[in-house]
Amino acid sequence: MAATDTRVDEIVHGIYRISTWQEPYGITFNQFLVDDERPALIHTGMHHLYENVHGAVAQVLDPAKLSYIILLHWEGDENGGMEGFMRAAPQSELVGSCLSIQLNASGFGLTERVRGFCDGEILDLGQHKLRFLETPHVHHWDSMMVIDETTGSLFPSDLFIQPADQPPVVTEDLSRPMLDLYRAAGIFAHEFPIRHVVDRLEKSELEWIHPMHGGSFRRGELPSYARALRENEFAYHGMLLGREVAKAAPM
Ligand SMILES: [Fe+2]
Ligand SMILES: [Fe+2]
């Protein structure tokens with residue numbers, strides 16, 4: 001892809017959204033760069049986006065200086081570029097949830113320069129402090145989220161997704177299209193783990209929410225997304241990425 005297909009925007013102090021529109025999926029794929037004494041990249045993007053994401057990081061800082069490459073669950077768009085970034089930044093460590101590192105990194109033969117974080121543990125980047133939340137089954141069992149305590153920024157990965165080519169910051173309520181996308185894509189097995197995490201997030205001190213697909217939004221928008229997830233069904237019901245797999249059994 002052309003480098004111009006990937007855009008870089010600073011959303012809030014030192015946090016940059018790197019975003020590439022992917023027509024076949026109808027969503028943007030976002031990575032977040034935290035520019036600090038020990039810089040961190042949250043999500044790498046898919047393997048085929050590596051050159052784009054690497055070039056976007058280079059607009060802000062030297063990619064060789066990255067300290068942490070953070071994946072929020074083991075999936076292609078989360079860490080498909082990890083080999084490239086770990087090679088480009090020889091001092092960097094791959095950071096994931098305890099389960100991601102114990103089960104997947106180790107199972108795929110990655111045993112050096114890897115670090116697992118369990119719920120409540122903190123990673124100090126300098127000015128920014130990242131706190132990890134284990135959020136199993138949202139939507140993989142090794143899923144976690146990160147809160148930057150310095151800016152009150154939540155990185156919720158695939159939660160609060162919004163379809164279409166969204167700008168860096170969204171202000172309109174996109175909770176309905178979010179639900180439609182979840183139903184069509186089938187990424188959640190059940191509503192329970194999501195609602196449990198939503199309850200937890202609503203009690204956290206958040207200023208910004210930075211979804212991996214869509215635009216970032218302020219905390220004032222959070223209640224409508226939370227309500228939509230609490231009051232509607234959106235779990236897997238026979239559709240995967242818009243394709244019917246099996247007729248759902250009658251309830
Ligand atoms: Fe995912
Ligand atoms: Fe994703």
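Atoms within a ligand are numbered from 1 in the order they appear, just like the ligands themselves. Note that the coordinates shown come from a computational prediction; the quantities given were computed from them, not determined experimentally.
Among heteroatoms of the N, O or S kind in H73, NE2 lies nearest the Fe ion (ligand 1). The atom of E75 that is an N, O or S and sits closest to the Fe ion (ligand 1) is OE1. Closest N/O/S atom of H139 to the Fe ion (ligand 1): NE2.
Between P39 and the options V34, L61, L125, a side-chain contact (heavy atoms from CB on, under 4.5 Å) holds for only L61. The one candidate from R219, R227, R195, R230 that meets the salt bridge (charged side-chain N to carboxylate O under 4.0 Å, His left out) condition with E202 is R230.
Checked by atom type, the side-chain pair T20/T6 shows a donor-acceptor distance below 3.5 Å.
Not a single N, O or S atom of H43, from either the backbone or the side chain, sits less than 2.8 Å from the Fe ion (ligand 2). Residue D158: an N/O/S atom is found under 2.8 Å from the Fe ion (ligand 2). Because the distance cut-off is set at 2.8 Å, D77 qualifies as a neighbour of the Fe ion (ligand 2) through one of its N, O or S atoms.
H213 contributes NE2 and M212 contributes SD; the angle these two atoms make at the Fe ion (ligand 2) is 90°, rounded to 10°.
More than 12 heavy-atom neighbours from other residues, nucleotides or ligands sit within 6.0 angstrom of CH2 on W21. Atom CD of E83 has 12 or fewer heavy atoms from other residues, nucleotides or ligands within 6.0 Å.
The six-membered or imidazole ring of H137 lies away from that of H190, with a centre-to-centre distance of 6.0 Å or more.
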